[in-house]
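Down below is the structure, laid out as structure tokens.
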Amino acid sequence: YPNAWFENEYNPSRTSVTLEGVKLLDEQAAPAESYSFVLKEGDETIEAVSVSAGGAIKFSTIDYTADDIGTHTYTINELVPDNADPAINYDVHTETVTVIVEEKDGKLQAKVVYDSDKIVFKNTTKPGNLKLEKKTSVPGSDEWFNFRIRFVDKNGAAYTKNMSMSYSNARANSSKPDAEGYITGKIKENGYIEFKNIPAGIQYVIEETDLPVGWTLTSAVGVTGTIAAGATQNAVLTNTYNASGNAELIVHKELVGGDLKAGQFTFELLDDEMNVLQTQSNTAIDSNDKAPKLDEYGEPVLDEDGNA
């Protein structure tokens, strides 16, 4: 263990030590006055201090006299306030420091024994999540839609660390963004994909790419934003199907036992709500002619010579 000796050459009957440590937030020095710590010997509170510049934790000097010869065990804890920031994971471990006071060569000396990393408290900002959902105008649609998401830090640099995921009716090429910060994937109706444990402050942009024919993106909610500590950012992409086209419908009418006269029968074309779209009459056909045989798609069946 790292040790430190403190000597007072001018007063052999007295010696002192100063206990110091460091406070980190997300591996960086914590801002001054942001966190507080208490120093105790047994149940007795010696002092409470706040972080100073550079994340320094520094308690007042402790003086010893010949009456204090022996071993002194101190504990240091971070004071978590009643109004603790819900976005912060507080370091609640106890640091134990031992001071050995002894007389050596006629002088009083104090040796401080720390653990391997001395006095260090590390707080972290809670991570957040990003959830992408898909909605469409066609319930039960089995169409897959392509998406890509780019993650960058506050400085605009690509964020490329691995994330955990959960998903349904969706898939991604990876849980780790590529060198440019991109993750790509596919998602379909009522599907979702959620990226978890993303550091707070990471920014994201979601895009839909290579839309299937006939589909348009009609709503994009929450597709840009910043990951918030301890929260889930929600994004929803909604697509509508509005393909158009035309078809020619041919219906054959046969009159058994007689000639079919033009306009003898009338036919209506209805939509799915029974609305009349078109009205047409038949053309003439001689009784010696046979109505062509149709296949399952309503097309005339041709013989080997190509005749109906």
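In the hydrophobic cluster analysis, where Ile, Leu, Val, Met, Phe, Trp and Tyr join through side-chain heavy atoms closer than 4.5 angstrom, Val92 is grouped together with Val49. Both Tyr204 and Leu217 sit in one connected hydrophobic cluster of ILVMFWY residues. Membership requires side-chain heavy atoms under 4.5 Å apart, directly or through other members. Residues Leu211 and Val223 share a hydrophobic cluster, clusters being chains of Ile/Leu/Val/Met/Phe/Trp/Tyr side chains in contact below 4.5 Å. Note on Val276: it clusters hydrophobically with Met274, by side-chain heavy-atom contacts below 4.5 Å among ILVMFWY residues. In the hydrophobic clustering of ILVMFWY residues, with side-chain heavy atoms under 4.5 Å counting as a link, Ile119 and Val22 come out apart.
Residues Asn123 and Lys23 have side chains that bring a donor and an acceptor to within less than 3.5 angstrom of each other. Thr124 and Asp26 form no side-chain donor-acceptor contact under 3.5 Å, judged by distance and modelled atom types alone. Side-chain contact annotation: Asn129 with Lys196, donor-acceptor N/O pair under 3.5 Å absent. Counting only N and O atoms by type, the side chains of Thr94 and Thr75 include no donor and acceptor under 3.5 Å apart. Looking at Thr136 and Glu189, their side chains do bring a donor and an acceptor atom within 3.5 Å of each other. Looking only at atom types and distance, the side chain of Ser164 has a donor-acceptor partner in the side chain of Asn197 under 3.5 Å away. At a cut-off of 3.5 Å, with distance as the only test, a side-chain donor of Ser60 or Glu47 sits close to an acceptor on the other residue.
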### Message
side-chain contact (heavy atoms from CB on, under 4.5 Å), that's the test. Do Lys188 and Asp142 meet it? Break it down for me.
### Response
CA-CA 7 Å; Lys188 61 182 180 179; Asp142 202 42; 2.7 Å; yes

### Query
Can you list the steps and then say if Leu132 with Leu237 is a side-chain contact (heavy atoms from CB on, under 4.5 Å)?
CA-CA 8 Å; Leu132 171 63; Leu237 296 174; 3.9 Å; yes

### Task
Apply side-chain contact (heavy atoms from CB on, under 4.5 Å) to the pair Trp215 and Asn242, showing each step before the final yes or no.
CA-CA 6 Å; Trp215 290 90; Asn242 35 334; over 6 Å; no

### Task
Would you sort out whether Glu78 and Lys122 count as a salt bridge (Lys or Arg N to Asp or Glu O under 4.0 Å), showing the intermediate values?
CA-CA 10 Å; Glu78 182 170 349; Lys122 299 180 180 182; over 6 Å; no

### Query
Taking it one step at a time, do Ile183 and Phe151 satisfy side-chain contact (heavy atoms from CB on, under 4.5 Å)?
CA-CA 8 Å; Ile183 286 179; Phe151 297 93; 4.2 Å; yes

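By the 4.5 Å heavy-atom criterion applied to side chains, Leu25 and Gln28 are not counted as neighbours. For the pair Tyr159 and Pro199, the minimum side-chain heavy-atom distance is below 4.5 Å. Counting heavy atoms from C-beta on, the side chains of Val152 and Ile202 never come closer than 4.5 Å. You'll find the side chain of Val97 reaches within 4.5 Å of the side chain of Tyr114, heavy atoms only. Using a 4.5 Å heavy-atom threshold, the side chains of Pro81 and Tyr90 count as touching. Counting heavy atoms from C-beta on, the side chains of Phe267 and Gln278 never come closer than 4.5 Å. Taking 4.5 Å as the limit, some side-chain heavy atom of Ile69 sits within range of a side-chain heavy atom of Leu108. Side-chain contact between Lys126 and Ile88 is absent, with no heavy-atom pair separated by less than 4.5 Å.
Between the Asp68 side chain and the Gly70 main chain, no donor and acceptor come within less than 3.5 Å of each other. Of the possible donor and acceptor atoms, one in the side chain of Ser34 sits under 3.5 Å from a partner among the backbone N and O of Pro31. Proximity of a side-chain donor or acceptor of Asn155 to a complementary backbone N or O of Ala157 within less than 3.5 Å is not detected.
Note that CD of Glu133 and OG1 of Thr238 are 9.5 Å apart. Values are rounded to the nearest 0.5 Å. Note: Lys111 NZ to Lys104 NZ = 8.5 Å, rounded to the nearest 0.5 Å. Rounding to the nearest 0.5 Å places CD1 of Ile57 at 7.5 Å from CD1 of Ile76. One distance of note links CD1 of Ile198 with CD of Gln203; it measures 12.5 Å at 0.5 Å rounding. In this structure, the separation between CD1 on Ile149 and CZ on Phe147 is 5.0 Å, given to the nearest 0.5 Å. Here CZ of Arg148 is found 4.5 Å from CD of Glu207. Values are rounded to the nearest 0.5 Å.
Listed here is the closest heavy atom pair of Ala200 and Ala229: CB-N, 3.7 Å. Considering every non-hydrogen atom in both Thr240 and Ser137, the closest pair reads CA-OG, 3.3 Å. Across all their heavy atoms, Ala235 and Ile206 have their closest contact at CB-CD1, 3.5 Å. Of all heavy-atom pairs spanning Trp144 and Asn169, the tightest one is CZ3-O, 3.7 Å. Residue Gly55 comes nearest to Ala29 through the heavy atom pair N-CB, 4.0 Å, listed as atom of the first residue, atom of the second, then distance. Of all the heavy atoms in Glu33 and Ser50, the pair that sits closest is OE1-CB, 3.6 Å.
Residues forming a side-chain contact (heavy atoms from CB on, under 4.5 Å) with Val38 (at least two apart in sequence, or on another chain): Lys40, Thr45, Asn77, Leu79. Partners of Phe37 by ring pair (Phe, Tyr, Trp, His ring centres under 6.0 Å), not counting sequence neighbours, listed by chain and number: Phe121.
Put simply, the residue from Asp210, Thr209, Asn239 that forms a side chain to side chain contact (heavy atoms under 4.5 Å, CB included) with Phe145 is Asn239. The only member of Val112, Val99, Val17, Thr18 that meets side chain to side chain contact (heavy atoms under 4.5 Å, CB included) when paired with Ile62 is Val17.
For Asp43, the CG atom counts as loosely surrounded, since its 6.0 Å shell holds 12 or fewer non-hydrogen atoms of other residues, nucleotides or ligands. No more than 12 heavy atoms of other residues, nucleotides or ligands lie within 6.0 Å of OH in Tyr167, so this atom counts as exposed by the packing criterion. Asp105 CG: 12 or fewer foreign heavy atoms inside a 6.0 Å radius.
Both cation-pi conditions hold for Lys131 and Tyr192: the charged atom is under 6.0 angstrom from the six-membered ring centre and inside a 45 degree cone around its axis.
Contacts classified as ring-ring contact (aromatic ring centres under 6.0 Å, His included) and involving residues 64-89 (residues at least two apart or in different chains) are given here: Tyr64-His72.
For the pair Lys186 and Glu143, the salt-bridge criterion is not met [side-chain N within less than 4.0 Å of a carboxylate O].
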